[in-house]
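Okay, structure first, notes after.
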Number of protein chains: 2
Amino acid sequence: MGLTRTEIFTDEQNLLASLFKALAHPARIAILQRIILSNTCICGDLVGELGLAQATISQHLKELKSAGLIQGTIEGVSVCYCINPKVWKLLENKLGEFLGSYKGTTECC
Amino acid sequence: MGLTRTEIFTDEQNLLASLFKALAHPARIAILQRIILSNTCICGDLVGELGLAQATISQHLKELKSAGLIQGTIEGVSVCYCINPKVWKLLENKLGEFLGSYKGTTECC
DNA sequence: ATATTATATCGCAATATTACGATTGTTATT
DNA sequence: AATAACAATCGTAATATTGCGATATAATAT
């Protein structure tokens, strides 16, 4: 027990859940917003801006990276991060499709 | 440690994260898809369809309910669930706003 | 009243997540 | 070569999540 039974769900359901999971933390939302806002790569400025320890931010960045949402390039002594456009589009499509599948037409409960 | 430092983030960031968190499990995606598909209230049919124990499903329903995504009405001996249109719309708006804030214009990394 | 059916809650074990100090690499500067 | 700056990883503690059996609750049916 204590471990998600992914094998009983469809790939689609597991994919959607994992995408939502990557977004399911305010620090990761904040990081993404910060990257988007600066409209370019962001190199190292995150630590100190967010109020979390360096190790913690690095861990969140790793999660965003392994979900494919961001990509990083080594730029001298620091690392630059930016949105991965391809995965972001996928995210928009999949999540939009999922949310859009509900047409709030029939009144019930 | 081990507890999310919500106080250092904005209400917006915490709201988004909590909505995403409610969606960050394949069972809860499956439940929502099932409710949406039947296009009406769904009463009790979930147990047996999903392959999870009744207690587990009840727990996931509770999480979806406390996130406001679904609402339940007692219908005799069983309970009927349906999407909460208001919160679903909010989710669509917030998510669209968040995802749409990235215009993949500038090539960087 | 008792039994039946459907759902919620409790209690527990296993696993995952969050956070951070300390350490380790890696590159640039002196 | 030594130092500085930055980021990743390790190790660990605290907390949260997941799953389920057992039990409790609530409404209907007999």
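Lettering follows sequence order; numbering is per chain, from 1.
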Using side-chain heavy atoms (C-beta onward) and a distance below 4.5 Å, is B:Thr73 in contact with B:Val79?
no
How many Å lie between CD1 on B:Ile57 and C1' on D:dT18, as a whole number?
13 Å
Tell me, do A:Leu23 and B:Phe98 make a side-chain contact under 4.5 Å, heavy atoms counted?
yes
Any side-chain N or O of B:His60 less than 4.0 Å from the OP1 or OP2 oxygen of D:dG19?
yes
What contact category does A:Leu52 fall into here, base, sugar-phosphate, or nothing, at under 4.0 angstrom with non-hydrogen atoms?
sugar-phosphate
Pairs flagged by ring-ring contact (aromatic ring centres under 6.0 Å, His included) wherever residues 55-86 of chain A is involved - sequence neighbours left out:
A:His25-A:His60
Quick check: do B:Ile8 and A:Leu50 have side-chain heavy atoms less than 4.5 Å from each other?
no
Quick check: on DNA chain C, is the nucleotide nearest A:Gly76 upstream (toward 5') of the one nearest A:Ala27, or the reverse? Name the residue that is more 5'.
A:Ala27
Report the distance from atom CZ of A:Arg5 to atom P of C:dA16, rounded to the nearest whole Å.
15 Å
For the residue pair B:Gln59 and B:Thr56, confirm or rule out a side-chain donor-acceptor distance under 3.5 Å.
no
Distance check: side-chain N/O of B:Lys21 vs OP1/OP2 of D:dT17, anything under 4.0 Å?
yes
Could you tell me if the side chain of B:Trp88 sits less than 4.5 Å from the side chain of B:Asn93, heavy atoms only?
no
Give a yes or no on whether the backbone of A:Asp45 and the side-chain of A:Arg34 come within a donor-acceptor separation of less than 3.5 Å.
no
What nitrogen or oxygen pairs link the protein and nucleotides 5-9 of chain D at under 3.5 Å?
residue: D:dA7; atom: OP1; partner: A:Gly44; partner atom: N; Å: 3.0
residue: D:dA8; atom: OP1; partner: A:Tyr81; partner atom: OH; Å: 2.4
residue: D:dA8; atom: OP2; partner: A:Ser58; partner atom: OG; Å: 3.0
residue: D:dA8; atom: N7; partner: A:Gln54; partner atom: NE2; Å: 2.7
residue: D:dA8; atom: N6; partner: A:Gln54; partner atom: OE1; Å: 2.8

Between A:Ala53 and A:Glu75, which is nearer to the 5' end of DNA chain C once each is assigned its nearest nucleotide?
A:Ala53
Angle of first-five versus last-five pair axes in the helix from C:dA1-D:dT30 to C:dT30-D:dA1, to 10 degrees
10°
Could you tell me how far apart A:Leu3 (CG) and C:dC12 (P) are, to the nearest whole angstrom?
22 Å
Output yes when B:Lys21 and B:Glu63 qualify as a salt bridge under the 4.0 Å nitrogen-oxygen rule, no when they do not.
no
Donor-acceptor contact below 3.5 Å, side chain A:Asn14 vs main chain A:Thr6
yes
Output the rounded distance in Å from NE2 (A:His25) to C1' (D:dA16).
11 Å
